[in-house]
Amino acid sequence: MIRLPIALTVVAGLAVAGTALAGGHGGNPAVKARQAHMQLYGFNLGILGAMAKGEAEYDAGAAAAAAGNLAAVAALNQSAYWVPGTSSEDLPEESRALPAIWEEGSKAGEIGASFAEAAANLASVAGDGKDAMVSAFGAVGKGCGDCHKAYRASRN
Amino acid sequence: MRRWGLTFAVLGLVAIAAGLWITRARVTPPDQLAGLTGDATRGAAVFWAAGCASCHKAGPDGDPLVLAGGQMFQTDFGVFHAPNISMDVDHGIGGWSVTDFASAVRLGTSPDGQHYYPAFPYASYARMTDADVVDLWAFFKTLPASDTPNLPHTLGFPFNLRASVGGWKWLYADTEFLTETTTPELDRGRYLVEALAHCGECHTPRTALGGLDESRWMDGAPNPSGQGRIPGLTPAHLDWSANDIAYYLETGFTPEFDSAGGSMADVVTNMGKLTAEDRAAIAAYIKALPG
C-alpha cells in the first residue's frame, strides 16, 4: 500500500513541475520561444522595410546587419520548439500554430527552408544598394505569407 | 361572396407572378456587349484585381492560371466546391459566349438560366463595367483548359433550392455603389474595393439571410471559411496610414512587420500584381471610410 502514496506524490510533483513550465505567468515555453523567434524576424524586417517603404534613408551598413540577423535567425535549428502538442487546438489561448503543421503532407518545413534560403540571399545583397535590397526582400516576404496562409490561425 | 373569392384568386395569382418575376434569373441582353472588343492584357489586370484565382485554382498551392476548381468552402449554409472555370468545353466554360460570361459574373445566372449561389461574389461584381467584363473574358480565353470534373455542393434545406437564390438576389444584389466619393482616386478605389476586389464580402458582417449588412460596411466579421475573425477596416478598427495600407497590399507586411495570413495571403499575391496607383487608390478609399 505504500506504493500508492509514492505514486501520488510523484504524479503531484510532475503536475506542479508541469504547471510551472506551462501555466501561470510562464505560458508554454515552446510557444514563447516561437513567438520570440518571430519577433526577431519582425524587428529586423522592420529595419529593412522602413528603407524599402521610403520611411527611412537606405543605410548599407544597417541593412546588411539587419539582413544578416534575419538569415542567422532563419538558420537556427527550431526543432525543439515546433513540437507536437503545442498547436492552436492544444493551446487555444496561446498558440495560433494550426495542427496542419504537424499533419501528414505538411509543407511547413519546406517553406521554412526556402525562407532561410531567401533570407541568406537577402543578406548577401542587402549592403549593395537599395534596389538590390528591395528586390531580394520580396522573396522573404513571400516566405512569411506562404507559411501564414496555410498554417496560422486567424486572430479571434 | 363569389366576387371576393375571385378577387383573392386574382390577387394571389398576381402575387405569385410578381414573385416569379422578381426572382427570375436575369441575363445580359445579347446586344449589350456588341461592339466591344476585349483586350486580354487589360483583362489580366481585371483578373488579379477580381481575385478569380483565389477560389478557382485547384488548391491553395495551385497554379493561379489553371482555373480547375475543386477547392472546398465550408459555410453556415453548407459546403461549396468551386467549379472548373477553365477553357475546357466539357468541364469548364470553354463553350461560353461573352454574354454568358457577363450574365454569370454580374448577374449570377448560368447559361442554362439557373441562379448561382452567392458564394460566387456576383453581388459585388454586379458593379463591374462592360469594358472590364469583356476584357476579363478575353484574358480567360488565353488560359489553359483543365478536364477536372465539378463536384456538387452539399447544402441543407432551403438553401439547396436554387430558386430561393432569386429572392436573395432581389434583396442583396445591387449595381449601386455603397459610398460617396469626391475625387477620381477615390472613385477608382471604390470601384476596386466594392466591385472587383469584393473586399466587403469578407470584411463586412452578414445578415441572417447571408446578405452583406450594409449598415456595418467594413466593420469586420466572423471568418466565413474557418475560425477567427476578419478584421474591420473602418477608422475605428484600423489606424494605418495610406502608405502602410498600400505597402501591406503589395508585400503582406503590416506596419509592425507581421505578415498577412489565411485567405488574405492570396489577396496580397493578387494585389501585388496591380499598379502602385491602384493600390494607392484602394488605400485612399479605406482611409476615407466613415466610422
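What you see below is based on every heavy atom in this structure, not just the backbone, and it leaves out hydrogens, waters and symmetry mates. Lettering of chains follows the sequences in order, A, B, ..., and the numbering in each one begins at 1. If you're wondering where the values come from, they're calculated on a predicted model, not measured in any experiment.
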> Drop me the distance from Asp258(B)'s CG to Leu45(A)'s CG, to the nearest 0.5 angstrom.
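These two atoms lie 10.0 Å from each other.
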> Which residue out of Ile230(B), Thr254(B), Asp244(B) racks up the most heavy-atom pairs below 4.5 Å with chain A?
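Ranked by contacts with chain A, first place is Asp244(B).
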> In terms of heavy-atom contacts, does CG of Asp76(B) have more than 12 from other residues, nucleotides or ligands at under 6.0 Å?
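No, the 6.0 Å shell around CG holds no more than 12 heavy atoms from other groups.
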> Among Arg152(A), Lys149(A), His148(A), which residue meets the side-chain hydrogen bond (donor to acceptor under 3.5 Å, both in side chains) test with Ser259(B)?
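Passing option: His148(A).
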> Looking at Glu103(A), I want to see if its CD is surrounded by more than 12 non-hydrogen atoms of other residues, nucleotides or ligands under 6.0 Å.
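Result for CD/Glu103(A): enclosed.
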> Pick one of side chain, backbone, both or neither for Glu55(A), based on which atoms fall under 4.5 Å of a heavy atom in chain B.
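It is the side chain, since no backbone atom gets that close.
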> Atom CZ of residue position Phe43(A) - does it have more than 12 heavy atoms of other residues, nucleotides or ligands inside 6.0 Å?
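Counting other residues, nucleotides and ligands, CZ of Phe43(A) stays at 12 neighbours or fewer.
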> For the NZ atom on Lys130(A), are there more than 12 heavy atoms of other groups (residues, nucleotides or ligands in this structure) within a distance under 6.0 Å?
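It does: Lys130(A) NZ has more than 12 such atoms within range.
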> Quick one: list whatever passes ring-ring contact (aromatic ring centres under 6.0 Å, His included) with Tyr41(A), sequence neighbours left out.
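Checked Tyr41(A) against ring-ring contact (aromatic ring centres under 6.0 Å, His included); matches are His37(A), Phe115(A).
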> If you count heavy-atom pairs under 4.5 Å between each of Gly145(A), Ser88(A), Gly138(A), Ala153(A) and chain B, which one has the most?
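So the answer, after comparing Gly145(A), Ser88(A), Gly138(A), Ala153(A), is Gly145(A).
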> Measure the spacing between CD of Glu250(B) and NZ of Lys53(A) and express it to the nearest 0.5 Å.
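Output value for this atom pair is 10.5 Å.
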> Tell me if the CZ atom of Arg229(B) is crowded by more than 12 foreign heavy atoms within 6.0 Å.
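Enclosed: over 12 neighbouring heavy atoms sit under 6.0 Å from CZ of Arg229(B).
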> Please identify, among Gly42(A), Gly141(A), Gly49(A), the residue contributing the most non-hydrogen atom pairs under 4.5 Å to chain B.
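It is Gly49(A).
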> Report the distance from atom CZ of Phe253(B) to atom SG of Cys144(A), rounding to the nearest 0.5 Å.
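If we round to the nearest 0.5 Å, Phe253(B):CZ and Cys144(A):SG are 4.0 Å apart.
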> Hey, which of Gly54(A), Ser154(A), Ala150(A) has the most heavy atom pairs under 4.5 Å with chain B?
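Ranked by heavy-atom pairs under 4.5 Å with chain B, first place is Ser154(A).
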> Is it true that atom CG of Asp131(A) has more than 12 heavy atoms of other residues, nucleotides or ligands lying nearer than 6.0 Å?
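Incorrect, the count does not exceed 12.
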> Checking Glu185(B) now: which residues fulfil side chain to side chain donor-acceptor pair (under 3.5 Å) with it, not counting sequence neighbours?
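Expected list: none.
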> Is chain B contacted by the side chain of Lys142(A), its backbone, both, or neither, given a heavy-atom distance below 4.5 Å?
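For Lys142(A), no heavy atom lies under 4.5 Å from chain B.
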> Any idea which of Asp266(B), Thr251(B), Asn223(B) has the most non-hydrogen atom pairs under 4.5 angstrom with chain A?
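If we count pairs closer than 4.5 Å to chain A, Asp266(B) comes out on top.
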> What distance do Leu48(A) atom CG and Phe257(B) atom CZ have between them, rounded to the nearest 0.5 Å?
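Reported to 0.5 Å precision, the distance equals 8.5 Å.
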